[in-house]
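Have a look at the structure below, then the notes.
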Amino acid sequence: MQSGQIGRGGPDLFDAVLFDRDGTLVHDVPFNGDPAKVRPMPGARPALDRLRAAGLRLGVVTNQSGIARGRFTADELRRVHARVAELLGPFDTWQVCPHDDGDGCACRKPAPGMVLAAARALGTTPARCVVVGDIGRDMTAAGAAGAAGILVPTPETSPREVASAPAVAGDLAGAVELILRRQRLMSGAQAAGARVGRPRRVLVARADSAGDVLVTGPAIRAVAAGADRVVMLCGPRGRAAAELLPGVDELIEWPLPWIDPAPGPVDRDELARLTARLAAARLDEAVLFTSFHQSPLPLALLLRMAGVTRIAAISDDYPGALLDVRHRVPHGIPEPERALSLAAAAGFALPPGDDGRLGLRAECLESPPPDEAVAEPGYVVVHPGTSVESRACPPARCEQIVEALAAAGHRVVVTGGPAERELSARVAGRAGVDLGGLTSLTGLAAVIARAGAMVVGNTGPAHLAAAVGTPVVSLFAPTVPFGQWGPYRVPWVRLGDAAAPCRHTRAASCPVPGHPCLSDVAPSSVVAAVRLIGQAAP
C-alpha cells in the first residue's frame with residue numbers, strides 16, 4: 001500500500017486468524033489420511049471458540065505433500081479435515097498445498113501463497129490476519145505475506161525458530177490471549193478522565209530518531225482525527241520524519257536532555273524557554289509518546305508548568321499529579337500498536353478506513369528521481385548504513401549481497417545519507433547504482449516507494465519502507481526484539497542469527513567479536529528472500 005492510501009480498516013487490528021494444522025491444531029501424525037487418528041491439541045476447541053465469539057474469522061493453511069507423494073488421496077484428506085472441523089468447530093476457509101518441496105510452487109510454506117489466498121477468500125488483507133503455527137516455515141510465510149505471526153512451539157521446534165519468531169506463546173490459549181489483548185489495546189482502552197467536547201489544540205510528542213517518529217505515525221493520525229489542530233514536539237534527529245507525517249499541523253523542534261542519546265548538560269534557561277514556547281502554543285491537552293525505556297514525566301512536568309490541563313502517557317513509574325491518563329502496555333507489543341493504544345486510552349481512535357499501517361503524506365512521493373536508474377520501478381534497494389553500529393551488516397557482506405542480487409538479474413540501487421557516501425560507493429561497486437548522499441529523507445521515500453523490495457537493517461529507512469508499502473528483507477540484529485521493532489504490516493523476511501549472544505542487550509556497539517548475528521548472512525539467502533516477498537508485492 002502506498003503512502004496516502006489508507007486501506008480498509010475497522011476498530012480492531014485483525015479480521016482473521018489462520019492456523020497451521022499439524023502440530024498446531026492437532027497432534028502431528030505424519031502423512032495422516034485416517035480421520036480416526038485426528039487428536040486435537042490441548043485446549044484447542046475453547047481457544048478457537050474464544051476467537052469466534054470475538055467476531056474473528058478462522059482459517060487453516062496447511063502443507064500436505066502426502067498427496068504429491070501418493071501417501072493419501074484428496075478424498076482421504078477431505079475426510080480428515082471433516083473430522084478436524086467436527087472436533088474443533090467450523091473454519092471459514094481451508095487452504096491446502098498438495099505439493100512437495102521440489103515442485104517449486106508458490107503455495108507451500110514458507111512461501112506466502114496460502115496466506116494470500118486465505119485473506120482473499122475471507123475478504124480481507126494479509127495485514128489484518130494473524131498466522132499461528134509451530135515451526136519457522138509458518139512464521140516466514142506469515143511475514144512474506146505481510147501478516148502477523150505467533151509461534152506456538154512444540155518439542156520439535158528448534159531454538160533458532162523460537163528466537164526468530166515475531167511473537168511466541170506457550171500454547172494455543174496463550175496465542176489467542178495475545179491476539180485478543182492486542183485487539184483490546186486498540187479498541188477497548190478507556191480514558192482515565194472524561195474529556196468535555198472536542199479538543200482544539202493537542203500536542204503530540206516523540207523526541208527520538210526518524211524511525212521512532214515514523215512508527216508513531218498511525219497514533220498521530222488517530223489524534224488528528226479527534227482534534228482541530230495537532231502540534232508535534234520532536235527532536236532534531238526526528239524533524240525530517242515528522243515533516244512527512246499526515247495529521248501534523250505544526251512542528252516544535254527541541255532537543256530533550258532526558259531523551260537524546262548524547263545529551264549536553266541540563267540548562268535551566270533552555271528549559272524555561274521550552275516551557276514558555278509550550279505555553280504560547282495554547283494547548284488543550286497533550287499525548288506523550290515514548291519508547292518503553294523512556295520516561296514521559298519530565299516533559300509532563302514542563303507541560304503542567306505551561307498550563308496544559310490534560311496529559312496522557314505510558315508510565316510504569318508513579319506519576320503523581322503529572323498525568324491525567326496513565327496508560328500501561330505489556331512488553332513485546334509492536335511499537336506502532338503501543339503508540340496507538342495510548343492514543344485510544346486518551347480517547348483518540350483511527351478514523352473509518354484507516355487500517356493503522358505506517359504512512360506518509362501523499363505528496364512525499366512526488367520527488368523526481370535523482371538518477372535514471374530509478375525512473376523505472378521494480379529495482380531492489382540496498383541500504384547498508386544504520387543509526388546504531390551494532391545493527392549494521394558488515395560492508396564486505398553488503399557488497400556480496402549487491403553482487404548476488406545483480407547476478408540474479410535484479411537492478412540494484414544503494415542508498416545512504418550524506419555521511420555514508422563512502423560506504424554506499426563501496427557497497428554499490430560495479431554491480432549497483434550508488435545514490436548515497438543524493439536524496440533528502442523525502443527523496444529517499446520516493447526512491448523506496450518505486451522499489452520492488454528493500455534490503456536494510458533495523459534502522460529508520462526500514463520503517464520508511466513500511467510507510468510506503470515496500471516489502472523488506474530485514475537484516476535484523478537481535479539487540480532489540482524483532483516483534484517490537486521489525487517492519488510493520490508489510491511483507492518481510494528476517495535474516496541473521498536471532499539467537500546470537502547480543503540478543504536483547506540493547507547494545508549500541510557490537511559486544512561479540514566478529515559480529516556473528518549478521519556476518520554470516522548468505523547473499524544467496526537474500527536473493528531467495530527477495531523472490532519470496534515478491535510474491536506478495538502489490
Side-chain angles (χ1 to χ4, degrees), residues 7-27 38-62 80-95 114-115 117-134 138-139 142 145 147-153 166-191 328-330 332-334 337-338 340-341 344-345 349-350 352-356 483 489:
R8 172 181 173 178
D12 296 323
L13 277 174
F14 305 120
D15 294 326
V17 184
L18 310 176
F19 292 90
D20 171 58
R21 194 193 81 177
D22 301 320
T24 302
L25 291 176
V26 299
H27 287 274
V38 173
R39 291 188 301 122
M41 295 296 280
R45 180 62 189 253
L48 297 177
D49 284 345
R50 284 190 70 194
L51 295 174
R52 295 181 181 110
L56 288 159
R57 305 188 74 188
L58 306 185
V60 179
V61 288
T62 179
V80 167
H81 287 173
R83 178 59 174 164
V84 173
E86 179 184 350
L87 293 171
L88 297 182
F91 292 89
D92 300 292
T93 184
W94 287 84
Q95 300 294 329
M114 286 191 289
V115 179
R120 287 193 299 269
L122 297 175
T124 187
T125 64
R128 294 181 64 82
C129 296
V130 187
V131 176
V132 180
D134 66 312
D138 300 316
M139 298 300 97
I150 300 175
L151 184 76
V152 180
V168 179
D171 53 23
L172 274 177
V176 167
E177 177 56 32
L178 178 56
I179 293 166
L180 297 180
R181 181 193 307 159
R182 288 173 67 175
Q183 295 272 63
R184 289 193 299 268
L185 281 171
M186 298 302 103
S187 60
Q190 298 296 319
R328 288 174 173 159
V329 181
I333 298 298
E337 293 174 26
R338 186 175 186 272
L340 269 169
S341 75
L350 287 168
D354 189 330
D355 70 357
R489 302 192 103 167

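- Closest of all the heavy-atom pairs between Val115 and Val61 is N-CG1, 4.3 Å.
- Side chain of Arg338 to backbone of Ile333: no donor-acceptor contact under 3.5 angstrom is found.
- Between the CZ atom of Phe14 and the CG atom of Leu56 there is a distance of 9.0 Å, given to the nearest 0.5 Å.
- Formation of a donor-acceptor pair under 3.5 Å by the Thr24 side chain with backbone atoms of Arg21 is not found in this model.
- The two residues Val38 and Arg83 make their nearest non-hydrogen contact at CB-CG, 3.9 Å.
- The CG atom of Leu185 sits 8.5 Å away from the CG atom of Leu13 when rounded to the nearest 0.5 Å.
- Looking at heavy atoms from C-beta onward, Val132 lies out of side-chain contact with Leu18 at the 4.5 angstrom threshold.
- Atom-to-atom distance recorded for Asp355:CG and Asp15:CG is 9.5 Å, nearest 0.5 angstrom.
- Ring planes of Trp94 and His81: parallel class, angle under 30° (limits at 30 and 60°).
- Without hydrogens or angle criteria, Asp138 side chain to Asp134 main chain gives a donor-acceptor distance under 3.5 Å.
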**Request:** Take Leu48 and Phe19 through the test side-chain contact (heavy atoms from CB on, under 4.5 Å) and record every step on the way to the result.
**Result:** CA-CA 10 Å; Leu48 297 177; Phe19 292 90; 3.4 Å; yes
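- Taking each heavy atom of Arg489 and Ala127 in turn, the nearest pair found is NH2-O, 2.6 Å.
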**Arg182 vs Glu177, salt bridge (Lys or Arg N to Asp or Glu O under 4.0 Å): CA-CA, chis, key distance, verdict** = CA-CA 9 Å; Arg182 288 173 67 175; Glu177 177 56 32; over 6 Å; no
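- When every heavy atom of Leu172 is checked against every heavy atom of Val152, the shortest pair comes out as N-CG1, 4.0 Å.
- For the pair Arg52 and Phe91, the cation-pi criterion (under 6.0 Å, within 45° of the ring axis) is fulfilled.
- Summarising the geometry of Ala119 relative to Cys129, their closest heavy-atom pair is CB-SG, 4.1 Å, with the distance given to 0.1 Å.
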**Request:** Take Ile150 and Val131 through the side-chain contact (heavy atoms from CB on, under 4.5 Å) test and state the conclusion after the steps.
**Result:** CA-CA 6 Å; Ile150 300 175; Val131 176; over 6 Å; no
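- Taking CD of Gln95 as the reference point, atom OG1 of Thr93 lies at 4.0 Å (rounded to 0.5 Å).
- Every pair passing salt bridge (Lys or Arg N to Asp or Glu O under 4.0 Å) that includes a residue from residues 39-48 is listed here, sequence neighbours excluded: Arg45-Asp49.
- The pair Glu337-Arg181 does not count as a salt bridge, with every side-chain nitrogen at least 4.0 angstrom from each carboxylate oxygen.
- Contact detail for Ala169 and Ala175: the closest heavy-atom pair is CB-N, 3.3 Å.
- You'll find the side chain of Arg50 reaches within 4.5 Å of the side chain of Leu180, heavy atoms only.
- The distance from atom CG of Leu122 to atom CZ of Arg128, rounded to the nearest 0.5 Å, is 12.5 Å.
- Here the CE-CG distance, from Met186 to Leu350, works out to 9.0 Å after rounding to the nearest 0.5 Å.
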